[in-house]
Amino acid sequence: MVEHEKTGPVDWIVWGFSRIAMWAPAFVVAIMFYEVIMRYIFVAPTLWVNEMSLWVAGGIYLSAGLYAMQQRSHIRITLIYDACPRWLRRSFDVISTLCILTFAFVLIWGGYGEAYDKLMRWETFGTAWDPPIPATLKPAILFALLVLSCQAISNLIADWNADPQSEDPAEDFYIPTEDQPDGNTRKPAGR
């Protein structure tokens, strides 16, 4: 996949944060591996690994959604979208941005009180290790929705006068040709 170009300050923020967050799954795998070693080899299970992996996975989920929005890799029915004239594509983009903004506004409006209370109480998870997962992830969800809204507006502005790009599903597949650079002759797909 070729990354979409960064067209504004929101793109740079999301892209930069995503570059840091892309290492988080490796961290989760490492601590889970540590837990397996401690539990089954040394018979000394940890109290913190499960909650830490949930905590980090929540952040991964939020950052992945932001990155998907920045890259415009969210779900779009390209067969219909690509067949439409530019004015209708713009209409679809405006409608989808308004839907995103409405969704984000409603969630932020409805969740602000609870997120604020959890943060001020420093609410914890209620387990033996007791990390402040609710106190950190609830406000992070609302913050991610705010950034997602800004990213949707940034995408709409950047794409408004950009040349229309069509998706070609054939680009996702490698179809070998008759003469390969390595000297081998292969039969193309479909023959």
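Note that CG of L145 is 8.5 Å distant from CG of L66, once rounded to the nearest 0.5 Å. Residue I100 holds its CD1 atom at 12.0 Å from CD1 of I95, rounded to the nearest 0.5 Å. From W87, atom CH2 reaches atom OG of S91 across 6.0 Å, with rounding to the nearest 0.5 Å. Atom CH2 of W160 sits about 6.0 Å away from atom CG of L156, to the nearest 0.5 Å. Between L54 atom CG and T127 atom OG1 the span is 9.5 Å, to the nearest 0.5 Å. From E123, atom CD reaches atom OG1 of T136 across 10.5 Å, with rounding to the nearest 0.5 Å.
Side chains of C99 and F103 form no contact here, defined as non-hydrogen atoms less than 4.5 Å apart. Side-chain atoms of P132 and W55, non-hydrogen and from C-beta on, do get closer than 4.5 Å to each other. With contacts defined as side-chain heavy-atom distances shorter than 4.5 Å, the pair Q70/S18 does not qualify. Put simply, the side chain of S63 reaches to within 4.5 Å of the side chain of F17, judged on heavy atoms. Contact check for R72 versus D159: side-chain heavy atoms found under the 4.5 Å cut-off. Contact of the R19 side chain with the Y67 side chain is registered, since non-hydrogen atoms from C-beta on lie closer than 4.5 Å.
In terms of modelled atom types and a separation under 3.5 Å, the side chain of N155 and the main chain of M69 share a donor-acceptor contact. Counting only distance, with no hydrogens or angles, the side chain of S154 and the backbone of C150 share no donor-acceptor pair below 3.5 Å. Checked by atom type and distance alone, the side chain of E35 pairs as donor or acceptor with a backbone atom of T46 at under 3.5 Å. Side chain of R39 to backbone of I37: no donor-acceptor contact under 3.5 angstrom is found. With R86 contributing its side chain and N161 its backbone, the two residues share a donor-acceptor pair below 3.5 Å.
When the side chains of ILVMFWY residues are joined at heavy-atom separations under 4.5 Å, either directly or via intervening members, M52 and V36 end up in two distinct hydrophobic clusters. When the side chains of ILVMFWY residues are joined at heavy-atom separations under 4.5 Å, either directly or via intervening members, F27 and Y34 end up in a single hydrophobic cluster. In the hydrophobic cluster analysis, where Ile, Leu, Val, Met, Phe, Trp and Tyr join through side-chain heavy atoms closer than 4.5 angstrom, I60 is grouped apart from I141. In this structure, L62 is a member of the same hydrophobic cluster as V10, with clusters built from ILVMFWY side-chain heavy atoms closer than 4.5 Å. Transitive grouping of hydrophobic side chains (ILVMFWY, heavy atoms separated by less than 4.5 Å) brings I31 and I41 into a common cluster.
Using a cut-off of 4.0 Å between Lys/Arg side-chain N and Asp/Glu carboxylate O, R89 and D82 are scored as salt-bridged.
Ring geometry, W15 versus W12: the interplanar angle exceeds 60°, so the pair is classed perpendicular (tilted spans 30 to 60°).
Atom NZ of K118 has more than 12 neighbouring heavy atoms from other residues, nucleotides or ligands inside a 6.0 Å radius.
Exactly one of L119, D117, T124 qualifies for a side chain to side chain contact (heavy atoms under 4.5 Å, CB included) with R121. That residue is D117.
P134 and F125 make their closest contact through CD-N, 4.0 Å (heavy atoms, listed as atom of the first residue, atom of the second, distance).
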